[in-house]
Amino acid sequence: MIAILIVTVLVVADQLFKSVCANWLTALPGNTYALWPGVFQLTYVENRGAAFSMLQNARWFFVGITVIACVAMVWFLIKERKHMHLLMKISIALILAGALGNMIDRIFFGYVRDMFYLVIVNFAIFNIADSAVSVGCVLLGIDICFLKGRRYLEGKPNKEPEAQE
């Protein structure tokens, strides 16, 4: 249930914010509005590639890969729902929400709408969906390396370590 809630809220928020920014920022000089001058601004761009604008104009390749990944994540969430712990569910839901948010853009617009720009570090412009994927991947990595996810992958998702005699 938590995964459905996370995915729904994030996809709706992502699409609404992208729509607002696409309409508002394109009317401003440079498609930009400084929220914190020199640190953080909203800058509307249309990304026809993947992360950091790699593989430009490979729209249907990305849609296909995303569909496969989303089906796999949904299947895993359903199949393993009784065995997965909360952090793993949240992590996968974040990744799924981000993938769906950007896939919607690719299907309906042919590009992904990005708007968050960290001027202070000159980082790539990104959106809510990108953030969800990034946070989900980091949480999943931490979980698998250091927390319950490690035991889950070892085939002991709900078992406590056996006592030594």
Side-chain angles (χ1 to χ4, degrees), residues 1-55 58-78 80-81 84-144 149:
M1 184 66 163
I2 186 99
I4 294 169
L5 181 64
I6 289 169
V7 170
T8 303
V9 168
L10 283 176
V11 169
V12 169
D14 177 63
Q15 291 300 307
L16 284 174
F17 198 74
K18 286 175 177 176
S19 181
V20 167
C21 287
N23 291 321
W24 171 51
L25 292 172
T26 53
L28 298 177
N31 297 340
T32 298
Y33 182 80
L35 292 170
W36 186 357
V39 177
F40 181 70
Q41 65 190 32
L42 296 176
T43 299
Y44 179 78
V45 295
E46 297 171 352
N47 183 357
R48 287 170 167 69
F52 307 105
S53 299
M54 293 185 295
L55 296 171
R59 173 186 185 183
W60 295 111
F61 170 75
F62 292 127
V63 169
I65 294 295
T66 304
V67 167
I68 292 167
C70 288
V71 167
M73 285 184 277
V74 169
W75 175 81
F76 186 74
L77 283 168
I78 292 169
E80 295 294 316
R81 71 183 176 279
M84 261 193 289
H85 54 280
L86 184 61
L87 183 57
M88 188 174 280
K89 288 178 186 174
I90 291 170
S91 301
I92 294 171
L94 287 168
I95 297 166
L96 178 60
L100 288 171
N102 283 341
M103 184 176 70
I104 290 167
D105 275 14
R106 287 188 200 288
I107 290 171
F108 291 102
F109 302 105
Y111 51 83
V112 174
R113 300 170 291 173
D114 291 330
M115 73 289 301
F116 300 125
Y117 180 45
L118 292 170
V119 180
I120 195 164
V121 292
N122 193 26
F123 190 71
I125 300 172
F126 58 99
N127 59 41
I128 292 172
D130 298 335
S131 300
V133 169
S134 297
V135 170
C137 286
V138 167
L139 289 176
L140 188 60
I142 290 169
D143 184 36
I144 288 171

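Quick note: numbers below take in every heavy atom, side chains included, and nothing from hydrogens, waters or symmetry partners.
For residues 127-137, no residue pair satisfies the salt bridge (Lys or Arg N to Asp or Glu O under 4.0 Å) rule, not counting sequence neighbours. The salt bridge (Lys or Arg N to Asp or Glu O under 4.0 Å) contacts involving residues 22-41 comprise nothing, where partners must be two or more places apart or lie in separate chains.
Atom OH of Tyr117 and atom CD1 of Ile125 lie 6.5 Å apart (nearest 0.5 Å). Remark: Ile107 CD1 to Phe62 CZ distance equals 14.0 Å, nearest 0.5 Å. Rounding to the nearest 0.5 angstrom, the gap separating the CZ atom in Phe40 from the CG atom in Leu42 is 5.5 Å.
Scored by the side-chain hydrogen bond (donor to acceptor under 3.5 Å, both in side chains) test, Thr43 finds Thr32, Gln41 as partners (sequence neighbours excluded).
For Asp114 and Tyr44, the side-chain atoms include no donor-acceptor pair closer than 3.5 Å.
Closest of all the heavy-atom pairs between Arg113 and Met115 is O-CE, 3.7 Å.
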Can you list the steps and then say if Tyr111 with Asn47 is a side-chain contact (heavy atoms from CB on, under 4.5 Å)? CA-CA 5 Å; Tyr111 51 83; Asn47 183 357; 5.8 Å; no
Between Phe116 and Phe123, does the side-chain contact (heavy atoms from CB on, under 4.5 Å) criterion hold? Intermediate values first, please. CA-CA 9 Å; Phe116 300 125; Phe123 190 71; over 6 Å; no
If you look only at distance, which donor and acceptor atoms sit under 3.5 Å apart when one is on a side chain in residues 17-27 and the other is two or more places apart or in another chain?
from: Lys18; atom 1: NZ; to: Asp14; atom 2: OD2; distance (Å): 2.9
from: Lys18; atom 1: NZ; to: Gly101; atom 2: O; distance (Å): 3.3
from: Lys18; atom 1: NZ; to: Asn102; atom 2: OD1; distance (Å): 3.0
from: Lys18; atom 1: NZ; to: Asp105; atom 2: OD2; distance (Å): 3.1
from: Asn23; atom 1: ND2; to: Ser19; atom 2: O; distance (Å): 3.1
from: Thr26; atom 1: OG1; to: Ala22; atom 2: O; distance (Å): 2.6

Hey, can you pull the donor-acceptor pairs under 3.5 Å for the side chains in residues 1-12, sequence neighbours left out?
from: Thr8; atom 1: OG1; to: Ile4; atom 2: O; distance (Å): 2.8

Would you tabulate the side-chain donor-acceptor contacts of residues 88-100 under 3.5 Å, counting partners in other chains and residues two or more places apart, or write 'none'?
from: Lys89; atom 1: NZ; to: Arg81; atom 2: O; distance (Å): 3.2
from: Ser91; atom 1: OG; to: Leu87; atom 2: O; distance (Å): 2.8
from: Ser91; atom 1: OG; to: Leu140; atom 2: N; distance (Å): 3.4

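Counting heavy atoms from C-beta on, the side chains of Leu139 and Asp143 never come closer than 4.5 Å.
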